[in-house]
Protein chains: 2
Amino acid sequence: MNRMRIGDLTERAGVTQRTVRYYESIGLLPSGEREGNGHHYYTEETVARLQKIDQLKKVGLSLEEIRDVIELYFTDTSEVLPKRKVLGILYRHLADTDQKLEALGQFRSDLQSNIERFERWLEANERD
Amino acid sequence: MNRMRIGDLTERAGVTQRTVRYYESIGLLPSGEREGNGHHYYTEETVARLQKIDQLKKVGLSLEEIRDVIELYFTDTSEVLPKRKVLGILYRHLADTDQKLEALGQFRSDLQSNIERFERWLEANERD
DNA sequence: ATATAATATGACGTTAACGTCATGTTTGCA
DNA sequence: TGCAAACATGACGTTAACGTCATATTATAT
């Protein structure tokens with residue numbers, strides 16, 4: 001299906017209409033083409049874009065940060081943007097990401113230790 | 001220094017007084033002991049606790065989630081909490097963490113590819 | 001042709017995590 | 001002892017990322 005209205009779009013992307021309109025309003029999502037009537041029409045690419053946004057949100061980026069990088073995934077960047085600046089942004093995100101990865105790794109191993117500690121405790125007190 | 005007031009606490013922990021009071025108000029931080037006067041007094045442990053909270057925030061946990069796990073770091077859990085429940089929480093956080101780690105890893109490699117792509121482009125157009 | 005469903009737009013509401021006064025009491029130093 | 005700096009408490013403000021009506025117009029199934 002390629003050429004859908006907001007109902008199908010939101011169903012396929014797993015977001016609400018409010019979310020789509022909000023993203024359009026802040027320039028994160030291009031407002032779908034409109035016919036003579038007021039309705040917006042979207043494509044498969046819009047679905048993919050919404051999914052990518054969701055993925056980046058899970059990584060912990062704000063919508064504003066996502067707006068900075070999303071074009072890298074969905075336009076021929078060879079044309080539009082100032083290359084050096086984009087590269088700068090990418091390097092910053094890479095550094096941030098590595099920081100987060102380290103913090104997350106640390107947290108994970110803390111969790112592991114605690115889990116093991118609790119399980120040992122439960123095992124030692126299996127007498128209820 | 002062990003026994004400080006909020007000024008020193010916030011300076012050492014790198015947070016504002018408002019943050020401390022907010023954390024106290026939501027039960028994330030135990031309200032420091034109060035003398036006959038109304039003042040609160042804190043210890044090194046409070047500093048450590050604030051730092052731990054900050055670390056967990058960076059991992060992407062909400063203050064509410066942090067409240068669920070922070071006790072694991074700062075109390076003798078052998079006494080206070082229902083063991084099985086805590087273990088459940090820990091396992092959920094572990095699963096969440098692994099998800100985030102995967103998403104982050106994916107994002108990181110996407111970033112890498114894009115960076116390389118841009119650098120190749122810049123190299124190929126070194127003619128300004 | 002008409003009733004029902006889908007869409008557009010605007011406005012106000014909501015939650016988390018604090019920021020920012022305002023006002024009153026307490027402390028510490030010259 | 002006086003007075004600026006530190007602390008306590010309350011109330012209102014703020015931002016992000018939407019949720020939730022309300023109302024009007026367009027599309028669709030019978």
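Each chain gets a letter, A, B and so on, in the order the sequences are listed, and its residues count up from 1.
Within 4.0 Å of R21(B), counting heavy atoms only, lies at least one base atom of the nucleic acid. At the heavy-atom level, Y41(B) lies nowhere under 4.0 Å from the strands shown.
Other residues, nucleotides and ligands contribute only 12 or fewer heavy atoms inside 6.0 Å of the CD atom of E102(B). Remark: Q17(A) CD is packed, more than 12 non-hydrogen atoms of other residues, nucleotides or ligands lying under 6.0 Å away. For CD of Q99(A), the number of neighbouring non-hydrogen atoms (other residues, nucleotides, ligands) closer than 6.0 Å is 12 at most.
Atom CD in E24(B) sits roughly 13 Å away from atom P in dC7(D) (whole-Å rounding). Note: CD (Q17(B)) to P (dA8(D)) measures 7 Å, nearest angstrom.
Partners of D8(A) by salt bridge (charged side-chain N to carboxylate O under 4.0 Å, His left out), not counting sequence neighbours: none found.
The aromatic rings of Y41(B) and H39(B) sit tilted, their planes meeting at an angle between 30° and 60°.
Nearest-nucleotide mapping onto DNA chain C: of Y22(B) and R5(B), the residue sitting toward the 5' end is Y22(B).
In summary, contact between chain B and DNA chain C, defined as any nucleotide atom under 4.0 Å from a heavy atom of the protein, begins and ends at dA17(C) to dT27(C) in the 5' to 3' direction.
The stretch residues 9-22 of chain B participates, sequence neighbours left out, in these salt bridge (charged side-chain N to carboxylate O under 4.0 Å, His left out) pairs: R12(B)-E44(B).
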